[in-house]
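A quick write-up on the structure given underneath.
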Protein chains: 2
Amino acid sequence: MNVLIVYAHPEPKSYNGAMKDIAVRTLLEQGHVVTVSDLYAMNFSPVLGVGDFPEGLQDPSCLNLAKEQTYAYEAGTLSADIRAEQEKLRQADLVIFQFPIWWFGMPAIMKGWADRVFARGFAYSAGRKYDTGLFRGKTAMVAATTGTSADTYAPDGIDGDILSVLWPVHNGLLRYTGFDVISPFIAYMPGRMTEHMRTARLEEYRQRLQNLDRTPRLFFHPAADYGPNERLLPGVLARSGIQRNV
Amino acid sequence: MNVLIVYAHPEPKSYNGAMKDIAVRTLLEQGHVVTVSDLYAMNFSPVLGVGDFPEGLQDPSCLNLAKEQTYAYEAGTLSADIRAEQEKLRQADLVIFQFPIWWFGMPAIMKGWADRVFARGFAYSAGRKYDTGLFRGKTAMVAATTGTSADTYAPDGIDGDILSVLWPVHNGLLRYTGFDVISPFIAYMPGRMTEHMRTARLEEYRQRLQNLDRTPRLFFHPAADYGPNERLLPGVLARSGIQRNV
């Protein structure tokens, strides 16, 4: 497999750094090809805007990002840093996102990697999303750390179910573009772990990486479960437990 | 009231720009004091890192962000751009976040505003979160646009309930730090609206801004509903409809 690890932490000695390092080592040992996008080390710019279109805008009078992305992607004129990341994604069978959960989401440098690299034309286009997404056949996994406990991220925890917190990443970024999504690997509160606990949790991560094929994928409703307005069909809804309000 | 509008869009002629403009006008007409942080115009840097600590690190051997933030906030040595935004927040009674939903969340430039400005010591500290959050007494509201329809963001829609998509912002960033959170105002797919629809939706936004006092706040369980492990007490859980798994 070709594996891309997208990694966002400013401190190489951090627990995120250790998770990234053990992932690289473990995956190489298994014979995979591993590429790391170390966003802080690359000084990756996370701000989607006119800079993404260095050859100028199709319509300089009003910046329409989706239109400019579509044109520039097809013309091969997106900025070089975006094209380099898109090529890594194109090659990848598996993408791992390694990051600390800051304010219930990705660090801005990684969110902006998504904003810029997952450009229209490359990552989605008319009629190509979810089951027909452009990255169909690829697999992705979140590997993340938190500042609070596993209890706070339980379904009845004060921070909310970790799968709710990660819904924008899992469904929004990954499933939307066609990825199969492996259950996330979360290291809760590494800052409060003893050295023994830190080592043990890294070992668990190593085992996870050795057993990705046998790790459950997250469930998302297939396209056939939705009606033409992209809402669940009545029969599916009745079994889902979701309350339809309006 | 002092109102801070944090605004993220690179195109002033965008629908987000129009929403920001009508908010400024409407709130001024009502006699409020309005400040706008136009993050693209400010060229705001969204990358939390060593640059936030221009006087150097307390421990240069290993960057511990929470510790460095706490120290620098108390010493008044966070970088000037962060201190300026913190002062605006300190003054604000109401904060409006105006942004396009990109990949199910804030644009990176706004996520990074949160990562950097909501520093430990200023926005949270030991024992100061949710009901005892440091921004208690302040109110916040999301005003956003989408690229897909309201149906897709229904509870049974393919993109997921808009309140689930915004949970990391509403609960994670805002309620966590003590804000009361007003129901979001969402303009769905302005890119597909006719001129008449655009104008009508802006008028609805104007009316929302004139009636903020009467607009419902989002519900979050009070601290008393949680046990010492920060999970809902059994009696509350039974009434909540949440499935406890584990």
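We name chains A, B, ... by the order of the sequence lines, and we start the count at 1 in each one. Any value given below was found using the heavy atoms of this structure, including those in side chains, with hydrogens, waters and symmetry copies removed.
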Look at Arg217(A) together with Asp180(A) and state whether they make a salt bridge at an N to O cut-off of under 4.0 Å.
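Result for this pair is no, no salt bridge flagged.
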Please classify the contact between [X] and chain A as side chain, backbone, both or neither, with a heavy-atom cut-off of under 4.5 Å.
X: Phe220(B); result: neither
X: Thr177(B); result: side chain
X: Met106(B); result: backbone
X: Leu65(B); result: side chain
X: Ser240(B); result: neither

Option in [options] with maximal non-hydrogen atom pairs under 4.5 Å from chain B:
options: Val50(A), Val236(A), Asp159(A), Leu166(A); answer: Asp159(A)
options: Ser149(A), Cys62(A), Gly147(A), Ala8(A); answer: Cys62(A)
options: Pro168(A), Gly227(A), Ser61(A); answer: Pro168(A)

Check Tyr176(A), Tyr124(A), Tyr226(A) against Tyr130(A) for a ring-ring contact (aromatic ring centres under 6.0 Å, His included) and give me the one that passes.
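So, applying the ring-ring contact (aromatic ring centres under 6.0 Å, His included) to Tyr130(A) and each of Tyr176(A), Tyr124(A), Tyr226(A), only Tyr176(A) qualifies.
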How are the rings of Tyr73(A) and Phe122(A) set to each other: parallel, tilted or perpendicular (split at 30° and 60°)?
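Tyr73(A) vs Phe122(A) ring planes: tilted.
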Measure the acute angle between the ring planes of Tyr188(B) and Tyr153(B), then classify it against the limits of 30° and 60° as parallel, tilted or perpendicular.
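Tilted: the ring planes of Tyr188(B) and Tyr153(B) meet at 30° to 60°.
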Donor-acceptor contact present, side-chain Thr145(B) to main-chain Ile186(B), <3.5 Å:
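Between the backbone of Ile186(B) and the side chain of Thr145(B) there is no qualifying donor-acceptor contact (under 3.5 Å).
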Can you tell me which of Val47(B), Ile109(B), Thr148(B), Leu39(B) forms the most heavy-atom pairs within a distance under 4.5 Å of chain A?
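Max contact count across the listed options: Val47(B).
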Is the closest side-chain heavy-atom distance between Glu68(A) and Asp59(A) below 4.5 Å?
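Yes - at least one pair of side-chain heavy atoms lies under 4.5 Å apart.
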